[in-house]
Amino acid sequence: MPRYNPKEVEPKWQARWRGAKSFETQSENAKPKYYVLEMFPYPSGRIHVGHVRNYAMGDVIARYKKAQGFNVLHPMGWDAFGMPAENAAMQTGSHPAKWTYSNIDVMRGQLQLMGLSIDWSREFATCDPAYYVHQQRMFLEFWKEGLAYRKESQVNWDPVDQTVLANEQVIDGKGWRSGAPVERRKLSQWFFKITDAAEDLLSALDDGRLSGWPDNVKLMQKNWIGKSKGLQMRFPFAAETSVPKGFEGGVEIFTTRPDTLFGASFIAISPDHPLAILLAESDKGLAKFIAECASSGTSEEAIEKAEKRGLKTALETGHPFDDRKLPVYVANFVLMGYGTGAIFGCPAHDQRDYDFATKYDLAIPPVVLPDGADADVYTLEGEPYIGPGKIFNSDFLDGLPVEDAIAAAIKKIEQMDLGKGVTQYRLRDWGVSRQRYWGCPIPAIHCSTCGIVPVPVKDLPVKLPEEADFSVPGNPLDRHPTWKHVDCPTCGGKARRETDTFDTFVDSSWYFARFASQPKDKPMTREVVDSWLPVDQYIGGVEHAILHLLYARYFTRMMKQCGHVSLDEPFANLFTQGMVVHATYRDESGQWLQPDQVIVEKGAALRADNGKPVKIGAIEKMSKSKKNVVSPDAIAETYGADAARWFMLSDSPPERDVEWTDAGVEGAWRLIGRIWDAISAAPGALKNLDMSKPNVTDADKALRQATHAAIDGVTSDIEHFRFNKAIARIYEFINVLKKESGAGKWARAEALGALSQLVAPFIPHLAEECWETLGGKGFICDAPWPKADKTLLAKDELLLGVQVNGKRRGEILVAADAANETVEQAALSDEGVQRHIDGKTVRKIVIVPGRIVNIVAN
RNA sequence: GCCCCUGUGGUGGAAUUGGUAGACACGCCUGACUCAAAAUCAGGUGCUGCAAAGCGUGCUGGUUCGAGUCCGGCCAGGGGCACCA
């Protein structure tokens, strides 16, 4: 018997699939369509095991659906623009395009070795002008529709390198290269009006349009959009305050808790608030404070984690309901981007306000009384009270529950003409400008006479200049000697190009549509895209649960508005798979090390080359920047792609993170050997199936039961993304198959055929080899999926556990259709049960049919 | 800090969704084959205990005839936080 040799077998079948164009998809097809898509990769350099896991999952689905009779679309491409290419250019001098395309070549080769059922004829990279020309075209349409516009927003500015930094490049408030404290700086940039769609993006989460999405992702998106109803109102200044020019009306605030207005003890405005900026003009201390606030990064995390600080201004406001005066603070925890950039502080019932009031010694009057508390003696003990209750110490709101008090307060303020109830969203418009080279150029031209004008469609694509200088930080497009100088398309005068490029989230917000339809003269052909979308199964990491998915949902709506597609929601079913994580390592100088450069023994780590100590860091998702990546090459080289794929899908549930370990691949390899041994011992067996079914012996029946239980179980496991369980079932089936010796040829042939088909989505090369050996017709990847015979699944006898007072004390074997009395008798007479009910009175017997018997006795 | 998720043997995990905790696999132990090793095959393996038995799903409290599963409070780890992708 020849030993199975994946090095020969795998390339052989890959060549045959290619020859037969097995996975090239035609849009015109009588079969129902099924679109499987995994989030396309960033070409970081090499495929790692995390990619293999992701694409192996998609491939199982794609091959399974093909066997189920669907016309499957399963494409692949490259999310090819982005910062790492530009960083590489700065470090090594190689051009981003060259770096990117050579990475793509390597990674395509690696993926192809995995034997994925991908339609490679549809492959593209987002950095190809043939792709991004259509993105520019759509941008011009969005602009015309008013969906794209310009406004000022803040960026992280490195004052030494004179460049904009990504949040990732800000470490502890300092620039990653220069080490200089970053500044927040305002820049005029391009935005997409995603806030216009906030309500629809939100309601689609609940109205069934996204019923195929996991709840946690929908919840995260809901919280991200952050719809809240509240009160926008103004606090007029106190009589003796000298009112700053332009703010005669007072301070405009937004609150979701107007019920706590009587608990107000201060007003706080954002350091970026126009009032704060105005006051700073004549107040050096305040100007200094505002500058200090601007020295952290722009990320919400950095702002939230910063110590709560404030500076008291000379201003005071009055209070709408009584004559108290409230000091006005400029405070670093108030965000200009949310609400009105100003709040009233109610320290008794808000954690941040409480911290602030404690620090600056402000009053903390409680106004919400927890249910059951006594108003006369109630005090806060070291923390604010956030929970429900009834309002007190609040005049006309006294006695009302929180919800009613909110409504009553809004009504009163509206009557007083000081404000109105409003709906507020946390979601901000999508800033798409990036001051970088390696991205899709934004097709706009700045003219001193005509303003900002679109690049005429006939001049598209606006291509990146090939020559660029990466030797210094900053935007190479901006300092390019010639590229930006153009004539204004409107007046013909001297003008300059927009030097911002698009956020790479734009590139990945419509690639799924382009995969389905790739005409040259337009982004997509509507009828074709409509016939393929939505993606029936989208698969990707949870880390994309909010941004990428939300942007793609919005982009699809914009495309719909411009007539490119007919639907709102691009992804009908979403599966978020867990990440492959690995420990991170750094040497003494703080340089990241790859796992294969490190030897770990007894919890201590040493460098493989020089034995110097290595610091073991957190276990994190595999990423190139931290070098904690493991490549599948070694596994594939030794054991073949099938073993690598099988191993990646074994054991861990797909939605869960897995920590990579080398242990266990041997198990996958052994399984491949066992399957091959079983099948190569029965060449041509499937031809036996053509004969009429012989009389069935008990041994035949036992084997057939195992076969059909396996078909039934594996089918439902694949349908529900339980690949680890499908694999466990296949092991069980093989264990039965190996032991079973009395079954006849017919039953064995059926079992071996089913086995080959059940493993085919997971280990397709071996499966084809098995199918051919057994004498199956055509490719196994074209064979229809086996159907379980349900009549073989029912069992005659059941083994039931018997509990006494909830603890398992015995087991009984009863007929599947036994009456309750019979079961009770059997349970009570069980020896183990007898021991535990001896001397006690049986109070109750709970029988859960087919499951368990519980005897309650005391 | 805020939002989401996870926690079960030495390890990855299973448990028909409130019903016999530990399927399946890795590892380990024992045996067979071998001059020997590897590979392969067979058996064993939650913990304590000679046994009887007891204990056991991050910790803690609750609901229930019955909780890994539901509810409350904690602890630990991971993901996201709008310029990493």
Side-chain angles (χ1 to χ4, degrees), chain A residues 3 39 41-42 44 79 81-84 155-156 164-170 194 215-217 219-224 226 297-306 308 333 337 351-352 355 426-436 503-505 508 541-548 550-551 576 578-579 581 618-621 623-625 647 650-653 655-659 661 663-668 670-671 673-674 677 722 724-725 727-732 735 738 799-803 805-811 843-846 848 850-857:
Chain A
R3 199 178 151 89
M39 291 176 185
Y42 177 77
S44 55
D79 189 12
F81 276 134
M83 278 204 320
V155 293
N156 300 306
V164 176
L165 297 177
N167 283 335
E168 187 191 49
Q169 299 171 318
V170 179
I194 191 170
D215 288 337
N216 63 329
V217 173
L219 188 55
M220 278 190 265
Q221 294 218 348
K222 184 181 174 176
N223 292 338
W224 185 260
T298 58
S299 77
E300 186 175 310
E301 184 190 4
I303 293 165
E304 286 280 336
K305 275 188 178 163
K308 309 283 175 284
F333 63 90
Q351 186 66 52
R352 280 186 309 197
D355 297 343
R426 202 187 78 99
L427 182 68
R428 307 198 295 259
D429 272 339
W430 174 11
V432 293
S433 284
R434 298 293 181 268
Q435 293 70 41
R436 287 183 227 296
D503 174 14
T504 56
F505 276 124
S508 56
V542 240
E543 67 269 30
H544 297 292
I546 298 177
L547 292 178
H548 161 62
L550 195 63
Y551 289 147
T576 52
M579 285 167 296
V581 295
I619 295 166
E620 298 179 52
K621 73 167 164 173
S623 74
K624 195 178 162 132
S625 60
F647 179 44
S650 303
D651 293 350
S652 290
E655 69 278 7
R656 200 123 109 203
D657 290 351
V658 276
E659 186 179 356
T661 56
V665 209
E666 291 277 350
R670 218 170 300 166
L671 171 101
R674 283 205 277 167
D677 288 351
R722 296 184 296 232
N724 57 325
K725 286 177 65 182
I727 283 174
R729 270 187 222 277
I730 291 168
Y731 274 111
E732 278 177 327
N735 290 343
K738 288 207 63 160
L799 199 57
L800 292 187
V802 183
Q803 299 180 327
N805 294 331
K807 292 206 180 213
R808 184 175 163 277
R809 300 299 183 187
E811 247 177 19
R843 300 287 174 193
K844 188 174 165 187
I845 300 179
V846 181
V848 183
R851 298 273 168 82
I852 202 168
V853 181
N854 189 15
I855 298 167
V856 186

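Everything numeric here is computed off the predicted structure, so don't read it as measured data. Below, read A as the first sequence line, B as the second, and so on, with proteins coming before strands; counting in each chain starts at 1.
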Using atom [atom1] of each nucleotide, how far apart are [N] and [M] to the nearest Å?
{"N": "B:G62", "M": "B:A51", "atom1": "C1'", "result": "37 Å"}
{"N": "B:U64", "M": "B:G80", "atom1": "C1'", "result": "37 Å"}
{"N": "B:C33", "M": "B:A25", "atom1": "P", "result": "25 Å"}
{"N": "B:C55", "M": "B:C4", "atom1": "C1'", "result": "35 Å"}
{"N": "B:U63", "M": "B:C28", "atom1": "C1'", "result": "42 Å"}
{"N": "B:C84", "M": "B:A15", "atom1": "P", "result": "38 Å"}
{"N": "B:G31", "M": "B:C70", "atom1": "P", "result": "46 Å"}
{"N": "B:G22", "M": "B:A14", "atom1": "C1'", "result": "7 Å"}

Using a cut-off of 4.0 Å on non-hydrogen atoms, how would the nucleic acid contact of [X] be classed: base, sugar-phosphate, or nothing?
{"X": "A:Ser433", "answer": "base"}
{"X": "A:Phe505", "answer": "base"}
{"X": "A:Val217", "answer": "nothing"}
{"X": "A:Gln435", "answer": "base"}

Partner residues of [X] under the ring-ring contact (aromatic ring centres under 6.0 Å, His included) criterion, sequence neighbours left out:
{"X": "A:Trp224", "result": "none"}
{"X": "A:Tyr42", "result": "none"}
{"X": "A:Tyr551", "result": "A:Trp430, A:Phe505"}

Please identify which of these residues, A:His544, A:Met220, A:Gln221, meets the side-chain contact (heavy atoms from CB on, under 4.5 Å) condition with A:Leu550. A:Gln221
Under 4.0 angstrom between A:Thr504 side-chain N/O and B:A85 OP1 or OP2: yes
Annotated protein contacts, base or backbone, on nucleotides 16-32 of chain B with a non-hydrogen cut-off under 4.0 Å, one of B, S, - each: BS-BBS-BSSSS-----
Contact state string [nucleotides 71-82 of chain B, B base, S sugar-phosphate only, - no protein heavy atom under 4.0 Å]: -------SSSBB
Side chain to side chain contact (heavy atoms under 4.5 Å, CB included) partners of A:Ser652, counting only residues at least two apart: A:Arg53, A:Val658
Residues at least two apart in sequence or cross-chain that pass side chain to side chain contact (heavy atoms under 4.5 Å, CB included) with A:Val164, listed by chain then number, are A:Val155, A:Trp157, A:Leu187, A:Gln435
Using whole Å, what does the distance between atom [atom2] of nucleotide [N] and atom [atom1] of [X] come to?
{"X": "A:Asp215", "N": "B:C5", "atom1": "CG", "atom2": "C1'", "answer": "13 Å"}
{"X": "A:Gln221", "N": "B:C5", "atom1": "CD", "atom2": "P", "answer": "14 Å"}
{"X": "A:Asp503", "N": "B:A85", "atom1": "CG", "atom2": "P", "answer": "7 Å"}
{"X": "A:Glu655", "N": "B:U6", "atom1": "CD", "atom2": "P", "answer": "9 Å"}

Distance-only side-chain donor-acceptor flag, A:Thr298 / A:Asn167, under 3.5 Å: yes
Any Lys/Arg nitrogen of A:Lys305 or A:Glu300 sitting under 4.0 Å from an Asp/Glu carboxylate oxygen of the other? no
Salt bridge or not for A:Arg434 and A:Asp503, using N-O below 4.0 Å? yes
Using heavy-atom distances to pick each residue's nearest nucleotide on RNA chain B, tell me which of A:Val856 and A:Leu219 is more 5'. A:Leu219
Starting at the 5' end of RNA chain B and moving along, which residue's nearest nucleotide shows up first, A:Pro653 or A:Val155? A:Pro653
Under the rule for side chain to side chain donor-acceptor pair (under 3.5 Å), what residues qualify as partners of A:Lys807, not counting sequence neighbours? none
Of all residues at least two apart in sequence or in a different chain, which pass the salt bridge (Lys or Arg N to Asp or Glu O under 4.0 Å) check with [X]?
{"X": "A:Glu168", "result": "none"}
{"X": "A:Glu666", "result": "none"}
{"X": "A:Glu811", "result": "A:Arg808"}

Please determine, for the side chain of A:Arg656, which listed nucleotide (B:U6, B:A85, B:C84) has the closest atom? B:U6
What base-paired stems does RNA chain B take part in, with at least 3 consecutive Watson-Crick or G-U wobble pairs and both distances under 3.5 Å? B:1-7 with B:75-81, B:10-12 with B:24-26, B:27-32 with B:40-45, B:46-48 with B:53-55, B:58-62 with B:70-74
B:U8 glycosidic torsion: syn (within 90° of 0) vs anti: anti
Using the purine O4'-C1'-N9-C4 or pyrimidine O4'-C1'-N1-C2 torsion, is B:G73 syn (within 90° of 0) or anti? anti
